[in-house]
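Report on one structure; see the data block that follows.
Everything numeric here is computed off the predicted structure, so don't read it as measured data. Lettering of chains follows the sequences in order, A, B, ..., and the numbering in each one begins at 1.
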There are 4 protein chains.
Amino acid sequence: MVRPRGEQAAWRREQLLDAALRMFAAKGVDGATVKDVAQAAGVTPGLLYRYFDSKEAMVETLLSERGFLPRLRELRERDHDDTRPATEVLIGLLEAFDRLLADNAELMAVFFSAAQARAPLAGLVDQGQRLIGDFLAERVAAGELRPHDTATAARTLFAAVAINRRLGTPIDVAALVGLLFPEQG
Amino acid sequence: MVRPRGEQAAWRREQLLDAALRMFAAKGVDGATVKDVAQAAGVTPGLLYRYFDSKEAMVETLLSERGFLPRLRELRERDHDDTRPATEVLIGLLEAFDRLLADNAELMAVFFSAAQARAPLAGLVDQGQRLIGDFLAERVAAGELRPHDTATAARTLFAAVAINRRLGTPIDVAALVGLLFPEQG
Amino acid sequence: MVRPRGEQAAWRREQLLDAALRMFAAKGVDGATVKDVAQAAGVTPGLLYRYFDSKEAMVETLLSERGFLPRLRELRERDHDDTRPATEVLIGLLEAFDRLLADNAELMAVFFSAAQARAPLAGLVDQGQRLIGDFLAERVAAGELRPHDTATAARTLFAAVAINRRLGTPIDVAALVGLLFPEQG
Amino acid sequence: MVRPRGEQAAWRREQLLDAALRMFAAKGVDGATVKDVAQAAGVTPGLLYRYFDSKEAMVETLLSERGFLPRLRELRERDHDDTRPATEVLIGLLEAFDRLLADNAELMAVFFSAAQARAPLAGLVDQGQRLIGDFLAERVAAGELRPHDTATAARTLFAAVAINRRLGTPIDVAALVGLLFPEQG
DNA sequence: GATGAATGAGACTTCATTCAT
DNA sequence: TATGAATGAAGTCTCATTCAT
């Protein structure tokens, strides 16, 4: 297929992905029809096929191009050599992460809805946990935090933020950190 | 419609639900066809409609009749007046909970797959968190555990167990509890 | 796919093939829609898919199950040890062949229309030519016919009958045979 | 619609017809898309519609403008008062005809593929048979060939050449003529 | 109680055609 | 003249659901 090129084409492509994201999140990947997506974008269904090979391809594009990983990496780099106290940095990190999930609630929904999308979801979780775990290990190594099972701690922190955000009942990150590192408060 | 009655009918009904659960978990609610379910049960599609109004009704029945709540309630009652140390009981509780999720992996999948299943899922989480939260509060009141944000702690513990079980990477419950209550070890 | 079984199912299957043959012949394989075929059979399009995997499969079934080869073989066997004069038998053979094509005009049309159906068509021609060629060779060997290029003769006789039948301008078989074997008249 | 004029326009028109012929022959008239044709011509689909009303119109143009008749007429005129022996001229005539079909294999394919192309095909056959029939009649009248059913002979010769060329198994024209006119060898 | 042929609605997708640029 | 984004109609196929047996 010859895909449209040029500036306007790029814009249209993004617009279609936006619409797809919205509909897939709202109705589930299977529940939303190509017609739904087209209507949401204000075009006719046929047009989608000038930009994507299939509905399935739209989902994949969404998952890969709009995945969390790029933004997760940003987070990692930004907070890398922060000199503030560990708990403060950790709170910032978790809040940023929570915000990331909040901003991408629709994408989250697609992650959960996409039929065989267990892999990308696991990848997200894995990356997030590693990000936090590495940070904890650093600060333990630096003697700032008491020695502890940093891997389990990371998984726990991550899980607490993620599942509660997903359920629309965001957790108080400061309280969460205070729970695991009371001595630091 | 006249629904079948009697002993054999009840058995068949359960059999159909079993098949539905299996197929819905394996292929997603939308991905599994009525024919899939019928085949899995060794009957023909038409028969399903003598036991359920629609495919949709099968999902709802699964979600309500086979929900976690009954088994959650069992957990709550069983461990109510346990006299062992708090962390020990907590570990037992979380492990039981983890097992519950493991035993019902298929049901979990349906919970996540069914578009309209957000509410029941939230209910499960809510109940689980309350169960743990109440227990923590009890033991804080009894002076056994240090005063802390028991609600947040409950949500955290629950989340850590649930999400990791869901992802097929179960967490070490003892380590988890040790993380939140190190002084108790 | 579980294909219908039983007597009525077999009947329906044939009925659908009949309808398909009719429509494919009338409008061409590409020109006739599944809906056309279904309507011609007095059913809904969906039903076709209980009996055939796809439209393409219908064409293939038509070409293989309703091919000419079985009937060609009958011809061959029937006239094998005929003791009448060669030209008389030959005329009978060609007439039978002409009738075969006439009776299956629709199938012929499908043969010509089916996208990549060059192979079956070539097969038909090949068989027909061989049938005639073998007969001629026999009678030459028996000294009844003058020695000649029997292969070319067979191809010629076959072609003359076939193409003219196809074009709706059937040829006079006796005249045709008289042309090639004037001494025998 | 204003059709392009001028020299370049005429050239482009031919180029588009070339591309159409190529694609229609390769994939069948229904199988080849307008986009296929445009791509084969190195232009975009929209352009076709400045030169032709529709895809259908392209087929018709191909059938009428690129028909065999003009070249058939050439043949007729060229060999009109040939003084060579009848069989020799006949062989030349059939060979020229065979070559004509070979050169236009693609056009032949379109003739067979296009649903509505029965008429032009019949016309071709008719013209070809007449051409040969007239020649035979001439030579019979001149006393050079024995009296025979020249019409049937013409149809037979024509059919033998045409069908075998179409099937990619060209016939030996000299052998063919020798078959019908052995006394002339 | 159980079957499975049949339906009807709708899903995804393709493609000839148009039209603003 | 030429482009190619966009449309609308239609095509193939799937599937939840019904119903005569």
Kindly point out which of E:dT14, F:dC13, E:dA16 is positioned nearest to the side chain of D:Tyr49? E:dA16

Any ion pair linking B:Glu106 and B:Arg66 (charged N to carboxylate O, less than 4.0 Å)? no

First locate atom CG of B:Leu124, then atom CG of B:Leu100, and finally report the distance between them rounded to the nearest 0.5 Å. 7.5 Å

By the 4.0 Å heavy-atom rule, please label C:Thr44 as base, sugar-phosphate, or nothing. base

Let's see if you can work this out: which of E:dC12, E:dA6, F:dT7 has an atom nearest to the side-chain heavy atoms of A:Val43? F:dT7

Comparing B:Ala9 with D:Pro45, nearest DNA chain E nucleotide closer to 5' gives the residue B:Ala9

E:dT18 P sits how many Å from D:Leu47 CG, rounded? 14 Å

Which of these nucleotides, F:dA2, F:dG4, E:dT13, is closest to any side-chain atom of D:Gln8? F:dA2

D:Arg12, nearest nucleotide to its side chain (from F:dA6, F:dA2, E:dC12): F:dA2

Do D:Asp30 and D:Lys55 meet the salt-bridge criterion of a basic N to acidic O distance under 4.0 Å? no

Which value, rounded to the nearest 0.5 Å, describes the distance between B:Asn104 atom CG and B:Leu21 atom CG? 8.0 Å

Looking at D:Arg22 and D:Asp36, is any side-chain nitrogen of the basic one under 4.0 Å from a carboxylate oxygen of the acidic one? no

Specify the separation, in whole Å, of atom CG of B:Asp36 and atom C1' of F:dA16. 12 Å

Out of E:dA6, F:dA16, F:dC13, which nucleotide sits closest to the side chain of C:Tyr51? E:dA6

Mind pulling the stems DNA chain F is in, i.e. runs of at least three Watson-Crick or G-U pairs, everything under 3.5 Å? E:2-21 with F:2-21

